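Inspection log for the structure reproduced underneath, given as structure tokens.
These numbers come from a predicted model, not from an experiment. Below, chains carry the letters A, B, ... as their sequence lines are ordered, and counting in each starts from 1.
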Amino acid sequence: MKTLPLSAVEIKGDFPIFARSMRNEKPLIYLDSGATSQKPRSVIDAQSHFYEHINAAVHRGAHLLAEEADAAYEGAREIVANFIGAQANEIVFTKSATEGLNAIAYSFGSAEKGSRLSLGRGDSIVVTEMEHHANLIPWQQLARRTGATLKWIPITSEGRLDYSTLEEIVDSSTKILAFTHQSNVLGTINDVATLVAAAKSVGAVTVLDACQSVPHFPIDVKALGVDLLTFSGHKALGPTGIGVLWGTSSILEEMEPFLYGGSMIESVTMTQATWAPAPRKFEAGVPNMAGAVGLGAALQYLSDIGMENVHSWEKSLTDYALSEFAKLSGVSVIGPLTSENRGAVISFTVDGIHPHDVGQVLDQHGIAVRTGHHCAWPLMKKFGITGTTRASFYLYNTISDVDSLIAAVKSAQEYFKV
Amino acid sequence: MKTLPLSAVEIKGDFPIFARSMRNEKPLIYLDSGATSQKPRSVIDAQSHFYEHINAAVHRGAHLLAEEADAAYEGAREIVANFIGAQANEIVFTKSATEGLNAIAYSFGSAEKGSRLSLGRGDSIVVTEMEHHANLIPWQQLARRTGATLKWIPITSEGRLDYSTLEEIVDSSTKILAFTHQSNVLGTINDVATLVAAAKSVGAVTVLDACQSVPHFPIDVKALGVDLLTFSGHKALGPTGIGVLWGTSSILEEMEPFLYGGSMIESVTMTQATWAPAPRKFEAGVPNMAGAVGLGAALQYLSDIGMENVHSWEKSLTDYALSEFAKLSGVSVIGPLTSENRGAVISFTVDGIHPHDVGQVLDQHGIAVRTGHHCAWPLMKKFGITGTTRASFYLYNTISDVDSLIAAVKSAQEYFKV
Amino acid sequence: MELDSLYQEVILDHYKHPHHKGLSNEKDAQVHHVNPSCGDEVTLNISVSGGIVTDISWDGVGCSISQASTSIMSELVIGKTVAESYRVMDHFSQLMSSKGTLKGDEDILEDAVALAGVSKFPARVKCALLGWMAFKDASVQAIEESEK
Amino acid sequence: MELDSLYQEVILDHYKHPHHKGLSNEKDAQVHHVNPSCGDEVTLNISVSGGIVTDISWDGVGCSISQASTSIMSELVIGKTVAESYRVMDHFSQLMSSKGTLKGDEDILEDAVALAGVSKFPARVKCALLGWMAFKDASVQAIEESEK
Ligand SMILES: Cc1ncc(COP(=O)(O)O)c(C=O)c1O
Ligand SMILES: Cc1ncc(COP(=O)(O)O)c(C=O)c1O
């Protein structure tokens, strides 16, 4: 066994859920962090603490609780900003990455005709063939509403973007280039620098779906050079119902708001309204304050461990898992076969066994994986399959979790006699 | 002292926050439930329990946790449905009432031309002059985008809707009538039956902002007769970041989705997508599962106490408070002066003292109220004021809280020598 | 092992050797159903004559449960009146939503009782119902068609 | 009582008898600022001549803190060069964000040191800054105007 950059076993102890047992009294082997992550005690406690001691509506109250709630909420914004190398006023709290991506698309859809962000016939929006539905359908709809064309960068059989097509696809008609940092199916980490350069050369706005990257390796928004970025808290040890939309100050200033209501206004009459500066203008209504505070605690937990450590630990797990998968016969990994520019997400198919049935056998061993199209249906079609079984790892997983997975896949093959 | 329909003192004990102290070691007298409510232990625990024992992404997983998460999430939907007399598949979880109202407005904005829900020049949207910004600005924007006209029902000096104008304002051009069940400033409870009848007579869709009603008195959506209704969990003892949009099955079926992404689809290709049936089609992305479960626990807590009891207790508090306010000189209550068709929200002004300064003095006494325009700026302008001080009550408040409020208002008058 | 209650021998047999799989040329109606959460699909042809389901044929991709269930369903309904097959379907739906509390009436459900174990796995119930929903939809269309 | 640290006598005096309140007819620039969270408003006229703030007049509605602060600010900056008044404003901003840790330099801030207590009440800092922000905005506009 190799020396570990961090003790995943000790880390498991920080996550109360690992104390429970699964079917047949098996311990929980959680390999579904790509869908949602588990929560450390500190996150659960931070939320409870908010409700027990602070709870009040932010931005509004004239009392001590409101003051403390404001400090907690804005403090969480600072933590998020620091975590990704941003300024606090560039951080917008959303309910999820899905909301963030839709907010961007709706905002562009309401841009005044003639403004840099507005789209029309003759303009194009470019995505990739490996996008999650959340970074595909909002753009389909925006294209439909505005008359713009949706294009996409195809992928190779290894599951990498085909960068050779970039010059042809990203052209002077391109207004938006929206892409995922890391595929939630293939694990592929895309080459942000190359994509941003292509977009910049034609003056297109870049939107990064960072759902599968922010939780797993160090991110510096300034170094990435994108205009907008979004991720979900629940995949980064945070609570459900909270996400982050980051944008450069200048693009946030240009963008129209998305949700209208309380706290996002400057002034209001019966017939019209003007907006507060960002991030306020994007946060209508009483926000998910406890969620933001919980996300702050989550990112704090990750910072304390160090994102470099998280990353290199996941890399060890990926290396080990890929080498073990390579030894299995009748099993194909869909996506890159080395850990280079690749995250800790392993999708695979087993000859003669449908992913549902693989997942079911794994479940009997206490192993939680995901099966199906993983909200990337076009990608499945590209590979000519209906779905895969996906194991996705996080900092609390261990080498022994990988061993259990491999053993359970073998037992599925035995059970179904393939 | 009168006999109480429920023991608010005992109820306070269920809410951990009342154990804390405020400035000058004063106990917390929380009169800001109109902004957000406090949370009982059972709600805080339900959320923690979800994270400690169940947490997984719903709708997606092939494992036991996902199964249990699904049961918890869908169980919460059942609780919500029962609470308002609806069917589970009519309940959409949102992040807030603000999101719910915007979702409706955006959905109508994307309705196909010619469909019943689509708007254009010559059509009108009707609101009232007492709306919260969340039920005003989305309609302003929808009107702007579609060319429809925004009209509103004016209010009387007592703070009631002027129903005599209804026939003139709601006419054959009216496509939508959106109004609040209870004003968050005046406490006025609107006459839903009359408004619905007016809308029905011209075939307009009715949208009810139930933020200030669902938490405070029994609601039966079928009896109300509206088409759509929305409220926020956090004002109903629930967690932050979760809300509910209810609609009749038929209108939900007619409506376009609002957020696009995972779990709301039926099928997806690179260029187009079709939608799952409601409520799925309105819940894109991994939802706020713990939030939904927490809201379920909150509504369960309210049901156990009985909404009739909550209502009559709040009525006693309102009666008492109104009678005490009437005895104060230099203090004016803005809104109806009796508890008839009126909720437990009391907005007032104090001659010679700005609401901020009133709030500050109250804060020194541990009393949490809200000051300002309460996200109803046009209403303030109507009354020729910049803001009010607002005390809003809930089931955990007591007669002695009212006494403390009145005494503190007097002390503010003394302090500022007015 | 709990798994055996789900994957009974009968099911694995139907999975490996599905009946009526492969679309026939003749049909009164054809439907295509998908399970949006996993991407499984079934295309189903139906022939109805004099109120009797005279033929079912189908094709598709799916897990053992969905394939076996569609195979078993086809066997069950062919030769029955539409009304009778709806009764069988009601029994089957009840069994599926029983959370493991029912065993199913073998006289009515025949091989389909082997699917009783599915009801203990809520995530798989949809798999078991995919072919049945397709049948229901197709039969309605065929009848509508014949009434034109 | 903590309240007295917020509402010092000087503040209440300025509140009840605000200086330079009531808009003058002459001005080089006029601005209107609102505090969106409470609805308080201030309209402010400025006259600048040879780099010196020769006059400030204002009107508006607001709490004791915002009214007093605007009154004190007017007193402070009239007669100073724009550059000097920005230095005073910087001192004041620092004091406001000090969370009660600073007392303020009376030589620079004069009556404005009475507002030091506001910094302990984050929700009120905006009230204290409303008039100052209006002044800053107006001075920039007046200078731009004069350079046209
Ligand atoms: C009447 C009314 N409508 C809408 C809202 C908006 O609710 P939320 O901010 O929770 O979305 C509120 C609360 O602020 C309200 O009182
Ligand atoms: C790459 C990617 N993008 C977007 C999403 C959507 O995230 P959420 O459902 O939290 O909004 C996910 C997760 O499901 C994802 O993996």
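Rounding to the nearest 0.5 Å places OH of A:Y30 at 6.0 Å from CG of B:N55. In this structure, CZ in A:R144 is found 11.0 Å from CD in B:Q272, a value given to the nearest 0.5 Å. To the nearest 0.5 Å, atom CD of residue A:Q47 and atom CD1 of residue B:I44 are 10.5 Å apart. Of the inter-residue distances, the one linking A:M270 atom CE with B:I137 atom CD1 reads 10.5 Å to the nearest 0.5 angstrom. Taking CG of A:N102 as the reference point, atom CG of B:L259 lies at 4.5 Å (rounded to 0.5 Å).
Heavy atoms of A:P287 lying under 4.5 Å from chain B belong exclusively to its backbone. Of the two parts of A:T128, only the backbone, made up of N, CA, C and O, holds a non-hydrogen atom closer than 4.5 Å to a non-hydrogen atom of chain B. Looking at B:Q141, the atoms closer than 4.5 Å to chain A (heavy atoms on both sides) all sit in the side chain, from C-beta outward. For a residue to count as touching a neighbouring chain, one of its non-hydrogen atoms must lie under 4.5 Å from one of that chain's; by this rule B:K95 touches chain A with backbone and side chain alike. Only the side chain of B:E68 comes within less than 4.5 Å of a heavy atom of chain A; its backbone N, CA, C and O stay farther away. For a residue to count as touching a neighbouring chain, one of its non-hydrogen atoms must lie under 4.5 Å from one of that chain's; by this rule B:L150 touches chain A with the side chain only. For A:T94, the part lying near chain B is the backbone, with the side chain staying farther off; criterion is any non-hydrogen pair under 4.5 Å. Contact annotation for B:R20: only side-chain heavy atoms (C-beta onward) come within less than 4.5 Å of a heavy atom of chain A. Within the 4.5 angstrom heavy-atom criterion, only side-chain atoms of B:L28, from C-beta onward, approach chain A. Contact of B:V43 with chain A is not made at all, since no heavy-atom distance falls under 4.5 Å. With a 4.5 Å cut-off on non-hydrogen atoms, A:R390 does not touch chain B at all. Only the backbone of B:S37 comes within contact range of chain A, judged by heavy atoms closer than 4.5 Å. With a 4.5 angstrom heavy-atom cutoff, B:R145 touches chain A only via side-chain atoms. Within the 4.5 angstrom heavy-atom criterion, only side-chain atoms of A:Q140, from C-beta onward, approach chain B. Heavy atoms of B:I265 lying under 4.5 Å from chain A belong exclusively to its side chain.
One N or O on the side chain of A:T240 and one on the backbone of B:A290 form a donor-acceptor pair closer than 3.5 Å.
Between chain B and the options A:L379, A:T389, A:D363, heavy-atom pairs under 4.5 Å are most frequent for A:D363. Chain B forms the most heavy-atom pairs under 4.5 Å with one residue out of A:A376, A:A134, A:S232, A:A292, and that residue is A:A134. Chain B forms more heavy-atom pairs under 4.5 Å with one residue of A:G291, A:A143, A:S267, A:A19 than with any other, namely A:S267. Contacts with chain A were tallied for B:S33, B:G372, B:P239; B:P239 has the most, counting heavy-atom pairs under 4.5 Å. Annotation: maximal heavy-atom pairing with chain A below 4.5 Å, among B:F258, B:W377, B:Y260, B:W152, occurs at B:Y260. Here A:E99 is the residue among A:H132, A:Q360, A:H356, A:E99 with the most heavy-atom pairs under 4.5 Å with chain B. Each of A:S96, A:P138, A:A35, A:A97 has some count of heavy-atom pairs under 4.5 Å with chain B, and the biggest count is that of A:P138. Each of A:S48, A:G243, A:S110, A:G359 has some count of heavy-atom pairs under 4.5 Å with chain B, and the biggest count is that of A:S48.
When all heavy atoms of B:L136 and A:T269 are compared, the closest pair comes out as CD2-O, 3.9 Å. Of all the heavy atoms in B:T98 and A:G261, the pair that sits closest is CG2-CA, 4.4 Å.
By the 30° and 60° cut-offs, the orientation of the rings of A:Y106 relative to B:Y106 is tilted.
Using a 4.5 Å cut-off on side-chain heavy atoms (C-beta onward), A:H63 and B:L362 make no contact. The shortest distance between side-chain heavy atoms of B:I17 and A:L65 falls below 4.5 Å.
The pair B:E52-A:K39 fails the salt-bridge criterion, with no side-chain N (NZ, NE, NH1 or NH2) lying under 4.0 Å from an Asp/Glu carboxylate O.
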